[in-house]
Amino acid sequence: MTGDNSTFQKNPNIFILKKALINKTITKLQFDVYMVLLNIPAGKVTTYKNIANIVKCNSSRAIGQALRRNPFAPDVPCHRVVKSDLTLGGFSGSTGNKTVERKLKILQSEGVEFQPLKDKKLEIYHTKVKEEHIWKQST
DNA sequence: GTTGCGGCAGCGT
DNA sequence: CACGCTGCCGCAA
C-alpha cells in the first residue's frame with residue numbers, strides 16, 4: 001500500500017496505546033474507545049452513545065467507565081465526550097458542578113460554543129453544546 | 001486459576 | 001421526575 005502512514009506520525013499516541021494494550025495497563029474496550037477519541041479534532045465533541053455504537057458496546061455507561069480510567073489525559077481527549085442530550089455529562093469521575101466546570105472551560109478554550117436551556121435553571125449541568133460542534137465521522 | 005458480586009462520567013421508558 | 005436496564009471491570013472469596 002502506498003497508503004497514508006502520516007496518521008501514525010502525527011499521532012504517536014497510537015503507538016503508546018498499543019503498547020499499553022500489550023502491557024495490559026488498559027483493557028481492549030479502553031483501547032477501542034481511546035482510538036476513537038484520537039480521531040476527534042479540537043473544537044468538536046461526540047457523545048457516549050455514539051462511541052458505544054462505534055465500538056459495538058450496548059452500554060454507554062461502560063464507555064463512561066473507560067473514560068474515567070483514562071491514564072493518558074489530556075493527550076487522549078476524554079473531555080470531548082458529552083451526553084446524548086448534548087449537556088455536558090461528567091468529568092474525571094464526577095458529575096459535580098465544580099468538576100464539570102473544568103470540562104466546560106477546556107471545551108470552550110478549544111472553540112466549542114454552548115447555549116443554556118432557558119426553561120431550566122441556569123446551571124452548568126443544563127448547558128448544551130451547539131449542534132454545529134458535534135463531530136461527524138468522515139467516511 | 002476461577003467465580004460472583006457490585007458499581008459506573010449514561011440511556012430509555 | 002424516578003426507576004430499571006445494559007456491558008464492562010476491579011476486587012474479594
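Just so it is clear: chains get the letters A, B, ... in the order the sequence lines come, proteins before strands, and each one is counted from 1.
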Name all pairs fulfilling the side chain to side chain donor-acceptor pair (under 3.5 Å) condition that reach into residues 97-108 of chain A, sequence neighbours left out, sorted by first residue then second. S94(A)-T99(A)

Residues in side-chain contact (heavy atoms from CB on, under 4.5 Å) with K83(A), at least two apart? Y48(A), D85(A), T87(A), Y125(A)

Assess whether side-chain contact (heavy atoms from CB on, under 4.5 Å) is satisfied between I16(A) and F72(A), documenting all intermediate values. CA-CA 9 Å; I16(A) 295 174; F72(A) 309 111; 3.8 Å; yes

Exam field: side chain H133(A) to backbone E113(A), donor-acceptor pair closer than 3.5 Å: yes

So which residues get pulled into I106(A)'s cluster when ILVMFWY side chains under 4.5 Å apart are joined, directly or through others? F91(A)

Sorted by number, residues from residues 22-31 of chain A placing a heavy atom under 4.0 Å from DNA chain B are none

Point-to-point distance, once rounded to the nearest 0.5 Å, from CD1 of I51(A) to NZ of K56(A): 14.0 Å

Determine the sole option in V76(A), I54(A), L67(A) for which the side-chain contact (heavy atoms from CB on, under 4.5 Å) test with V33(A) is passed. L67(A)

Identified stems (criterion: three or more consecutive Watson-Crick or G-U pairs, under 3.5 Å), DNA chain C: B:2-8 with C:7-13, B:10-13 with C:2-5

Where along residues 95-115 of chain A does a heavy atom come under 4.0 Å from DNA chain B, residue by residue in number order? T95(A)

Rounded to the nearest 0.5 Å, how far does CG of L21(A) lie from CE of M35(A)? 10.5 Å

Listed in order of residue number, which residues of residues 46-60 of chain A have a non-hydrogen atom at under 4.0 Å from DNA chain C? N58(A), S59(A)

Under the side-chain contact (heavy atoms from CB on, under 4.5 Å) test, residues paired with V100(A) that sit two or more places apart: L88(A), I124(A)

Please round to the nearest 0.5 Å and tell me the distance separating atom CG of N13(A) and atom CG of D75(A). 5.0 Å

Which residues satisfy the side-chain contact (heavy atoms from CB on, under 4.5 Å) test with N58(A), sequence neighbours excluded? none

Which residues in residues 70-87 of chain A have a heavy atom closer than 4.0 Å to any atom of DNA chain B? C78(A), K83(A), S84(A)

Residues which pass side-chain contact (heavy atoms from CB on, under 4.5 Å) with I134(A), listed by chain and number, not counting sequence neighbours: L86(A), E131(A)

Donor-acceptor pair, distance only, cut-off 3.5 Å: does the side chain of Y34(A) make one with the backbone of I26(A)? no

Taking NZ, NE, NH1 and NH2 as the nitrogens, is one of them in E110(A) or R80(A) under 4.0 Å from a carboxylate oxygen of the other? yes

In terms of heavy-atom contacts, C78(A) and N70(A) come closest through SG-ND2, 3.4 Å

Using modelled atom types and a 3.5 Å cut-off, is there a donor and acceptor pairing between side-chain atoms of N23(A) and backbone atoms of T25(A)? no

Under 3.5 Å, side chain of Q30(A) to main-chain N/O of T27(A), donor-acceptor pair present? yes

From the 5' end of DNA chain B to its 3' end, which nucleotides mark the outer limits of contact with chain A, defined by a 4.0 Å heavy-atom distance cut-off (strictly under)? dG7(B) to dG12(B)

In whole angstroms, how far is the C1' atom of dT6(C) from the CZ atom of R61(A)? 9 Å

